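Before any comments, here is the structure.
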Amino acid sequence: MTATGFHEGETAVQRRAGVEAEARRLEGMLGASGLSAGAVAFLASQRFAALTGRDHDGVLWISPLAGPPGFLRGDEGLLRVSAVPRAGDPLHEIPGGQQVGLIAIDLAARRRLRVNGELVDADGGGLTVRVDQSYGNCPKYIHRHAIDAAGLAAPVPPRRATLLDPADQALIAGSDTFFLGTSHPTRGSDASHRGGPPGFVRVGSPTRLWWPDFPGNNMFNSYGNLAVDDEAALLFIDFGTGAALHLTGTARVRWTTPGAAGDDGGVGRNVAFSVGGVAR
């Protein structure tokens, strides 16, 4: 379904943050359907994307997709992906017929593009998404990393847990980048990027972590989704090895006093995440 503007969760968060007027100036970006010529060209040059969707049990996850330039191809309102979540990934053999979110990101050039739409076909050779919405995001907080496409596509043994072990906690604590998957009951799934200095994500326990928010484009797509549906998924990547840590659970935006302890971005809000499941 094509979005026609901000939904109720997005406008509620914008209002709470006091940025309704600023956000309204960007609302037209959400009404553009399909893929522009610029978006098609950008996608064709990328080697990495993150995909948000639901597994066969309906659980929300976000997973890496990687391949050589050209593995993402825009064609008449469709995004064709010549890659699938690797064997062992929680979204391996992802079921079609669902709304998904994808973010293609060039970590070296610090550019990113979000795509939302319906996964109309999924098989062992690739994915096809009918694009409802696509738009670029600003380069803020994107850290430069080299992408090992082969490492991120290599099969991994499926390992599931309900708690973060010490290695998981160390990966999170050293990360300057992660990917966030959220969902809305009618708009479907969304994939976004979060970045900050190494250690900006704090691990409170084997089942809880949180991160401070930073100033952004004021659209609050992800946090708007969380205002309506608290289900969320996180993806942390060891860019040196291609290892991925997937978390699924719930998240909520917490409002604080701007400049309070831990408010690294000075915006008076952070996000608390409760771990429901772990895949590595």
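Just so we're clear, the structure is a prediction, and the values are computed from it rather than from any experiment.
The backbone N or O of Glu93 sits less than 3.5 Å from a side-chain atom of His56, completing a donor-acceptor pair. Side-chain N or O atoms of His143 include one that pairs as donor or acceptor with a backbone N or O of Gly196 at under 3.5 Å. At distances below 3.5 Å, not a single donor-acceptor pair connects side-chain atoms of Thr257 with backbone N or O atoms of Ala260. Put simply, the side chain of Thr248 never gets that close to the backbone of Gly276: no donor and acceptor are under 3.5 Å apart. Side-chain N or O atoms of Asp168 include none that pairs as donor or acceptor with a backbone N or O of Ile172 at under 3.5 Å. Put simply, the side chain of Asp55 gets close to the backbone of Asp57: a donor and an acceptor are under 3.5 Å apart. Remark: the backbone N or O of Ser222 is not paired with any side-chain donor or acceptor of Asn225 at under 3.5 angstrom.
Looking at Arg254, Arg269, Arg16 one by one, the single match for salt bridge (charged side-chain N to carboxylate O under 4.0 Å, His left out) with Asp213 turns out to be Arg269.
Counted by atom type alone, Asn217 and Tyr135 present zero donor-acceptor pairs between their side chains at under 3.5 Å. Side chains of Ser63 and Asp89: a donor on one and an acceptor on the other come within 3.5 Å. A donor-acceptor pair shorter than 3.5 Å can be found between the side chains of Thr186 and His184. Side chains of His7 and Arg187: a donor-acceptor N/O pair is absent below 3.5 angstrom, by distance only.
Side-chain contact check for Ile94 versus Leu51: some heavy-atom pair is nearer than 4.5 Å.
Partners of Ser45 by side chain to side chain contact (heavy atoms under 4.5 Å, CB included), not counting sequence neighbours: none found.
Connection of Phe273 to Ile62 is not established within any shared hydrophobic cluster, with ILVMFWY side chains joined at heavy-atom distances below 4.5 Å, either directly or through further cluster members. When the side chains of ILVMFWY residues are joined at heavy-atom separations under 4.5 Å, either directly or via intervening members, Val13 and Phe6 end up in two distinct hydrophobic clusters.
Minimum interatomic distance between Leu119 and Pro95 (heavy atoms only, all atoms of both residues): CD2-O, 3.5 Å. The two residues Ser183 and Arg54 come nearest to each other via the heavy atoms OG-NH2, 3.4 Å. Considering every non-hydrogen atom in both Gln99 and Asp132, the closest pair reads NE2-OD2, 3.3 Å.
Residue pairs satisfying the ring-ring contact (aromatic ring centres under 6.0 Å, His included) criterion with at least one member in residues 208-233, sequence neighbours excluded, are listed as follows: Tyr141-Phe214, Phe178-Trp211.
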For residues 72-85, please give each side-chain donor-acceptor pair under 3.5 Å, one per line with the distance, not counting sequence neighbours.
| from | atom 1 | to | atom 2 | distance (Å) |
| --- | --- | --- | --- | --- |
| Arg73 | NH1 | Ser82 | OG | 2.5 |

